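Step one of this worksheet: look at the structure below.
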There are 2 protein chains.
Amino acid sequence: MKTRDKILLSSLELFNERGERNVTTNHIAAHLAISPGNLYYHFRNKSDIIYEIFLEYEKLVDFYLDIPEDRAMTLDDMTFYLESVFDGLWSYRFFHRDLEYLLDSDQRLRQDYRDFTNRCLASISRIFEKLAEAGIIEPQEEDLRSAMSLNVWLVITNWMAFLKTAHAAEESACLTLTELKQGIYQVLTLEIPYLTPAYRERVMALREKYRPALHDREDPGAAACK
Amino acid sequence: MKTRDKILLSSLELFNERGERNVTTNHIAAHLAISPGNLYYHFRNKSDIIYEIFLEYEKLVDFYLDIPEDRAMTLDDMTFYLESVFDGLWSYRFFHRDLEYLLDSDQRLRQDYRDFTNRCLASISRIFEKLAEAGIIEPQEEDLRSAMSLNVWLVITNWMAFLKTAHAAEESACLTLTELKQGIYQVLTLEIPYLTPAYRERVMALREKYRPALHDREDPGAAACK
DNA sequence: GACTCACTAGAGTATATACTCTAATAATAC
DNA sequence: GTATTATTAGAGTATATACTCTAGTGAGTC
């Protein structure tokens, strides 16, 4: 593997693990057993590394959220979207953590992220539209649909931050992909009132699969670590 | 005013304005025209300053979210809770921005914030319960109510971060309290499906007051700065 | 074998950051 | 007044951080 790619991979790994703020270019170089000079041969600065990682993330999510327009949407599609988005969120979880600082220090990223958000919101809204077309949820006016999409976005993008703070008593390493996906339970909660009678039971059953284990709620401190 | 209090006040101001990460203890001292030594006479370290600010924030929100148990809840109460919580969020807005890092570097804060979150979630859930008792929303099972409360919490605590990133093309100084309160529109969106017929119109009218101006959605870049 | 060029090592630098130390001054207690 | 305590200034320090500079190495080309 090329050094440049190794730098990106290691950076992502370290960022996710320790948070971007706690990872210096020297750490990255040391982790790869290369010299800082070598790192700076491949990237002008730390921001450039982060920007490239963002581009990967963006590409991944854009790929996941590509809505096929030639056929109706199914419940499986919806599940796939939710699962995929949370997968992506997990793989690039450092990103939303330090988002504001990152955007403050990189113009390009700021603009690109803004466009990215708008694309995601449009996709979520389109998904709602197609779910209505498929008779899974009741159709809603555009106004409400876009406000709902925004709420979905807020829940999705901040679910992990919530988990981290709720689990704050333990090691951060305790966070697992499974727990992260309990966010799906929260997203489906938003949909409940809009479900059609025909699909209500099926979606509720789906939601049940992601329900957080009881002890997570009543005594988060006692949760066992993986 | 005592130096100690001035330090807390200036710190909060600078943190809110530039983000905790971009504000050093030397900046704070310089801003107050006192020496760094003076600052460190009053506080052992930066974390201590942040912790004290958190205690103020916590006190404020706890005060706001004190639910009177001796009478029924009104729509005005609900409005008050929403307005107050967003006021608090605005006054201590640096806090949620760098939350994860802050919790990572301060044990006390981690534990206290966790308890704080749980208290807030309980309060939100209690508000829903009392809104149902007052006939404003339909009563819900506890399960659903707590999932809804969590969604409300996610929307509230992350509304500002969203605004910041959505407005990312402009100066961050553009963010106003008014815009922040459009978060109330989003929270009320969550309630819509649960409103009783008796109150539906009134709540929808209330929600309308917080609706974001059209241009904010369609062309955020063109929004005029205060 | 000379040359190029992508790549790498590693020492080095300017600056910043959190924090300390000493000495002095103002406020208060007795 | 004197002693004590609270407060402040300001120079200083150890460390970290992002990044630079110079001097290469090794693989391929002609």
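Residue numbering restarts at 1 for every chain, and letters A, B, ... go by the order of the sequence lines. The structure displayed is predicted, hence computed values, not measured ones.
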Kindly say if A:His42 contacts the phosphate of C:dT8, meaning a side-chain N or O under 4.0 Å from OP1 or OP2.
yes
Does this structure show an ion pair linking [X] with [Y], if we count only N-O contacts that are shorter than 4.0 Å?
| X | Y | result |
| --- | --- | --- |
| B:Arg126 | B:Glu69 | yes |
| A:Arg110 | A:Asp115 | no |
| B:Asp104 | A:Arg97 | yes |
| B:Lys164 | B:Glu179 | no |

Sugar-phosphate atoms are those with a prime plus P, OP1 and OP2; base atoms are the rest. Using that split, label each nucleotide of nucleotides 9-21 of chain D B, S or - for protein heavy atoms under 4.0 Å, 5' to 3'.
BB------SBBBB
Could you tell me the separation between the CD1 atom of B:Ile7 and the C1' atom of D:dA6, rounded to a whole number of Å?
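The answer, rounded to whole Å, is 14 Å.
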Figure out the OH/C1' separation between B:Tyr41 and C:dA23, and round it to whole Å.
15 Å
For the CD atom on B:Glu208, are there more than 12 heavy atoms of other groups (residues, nucleotides or ligands in this structure) within a distance under 6.0 Å?
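For B:Glu208, atom CD is crowded (more than 12 foreign heavy atoms under 6.0 Å).
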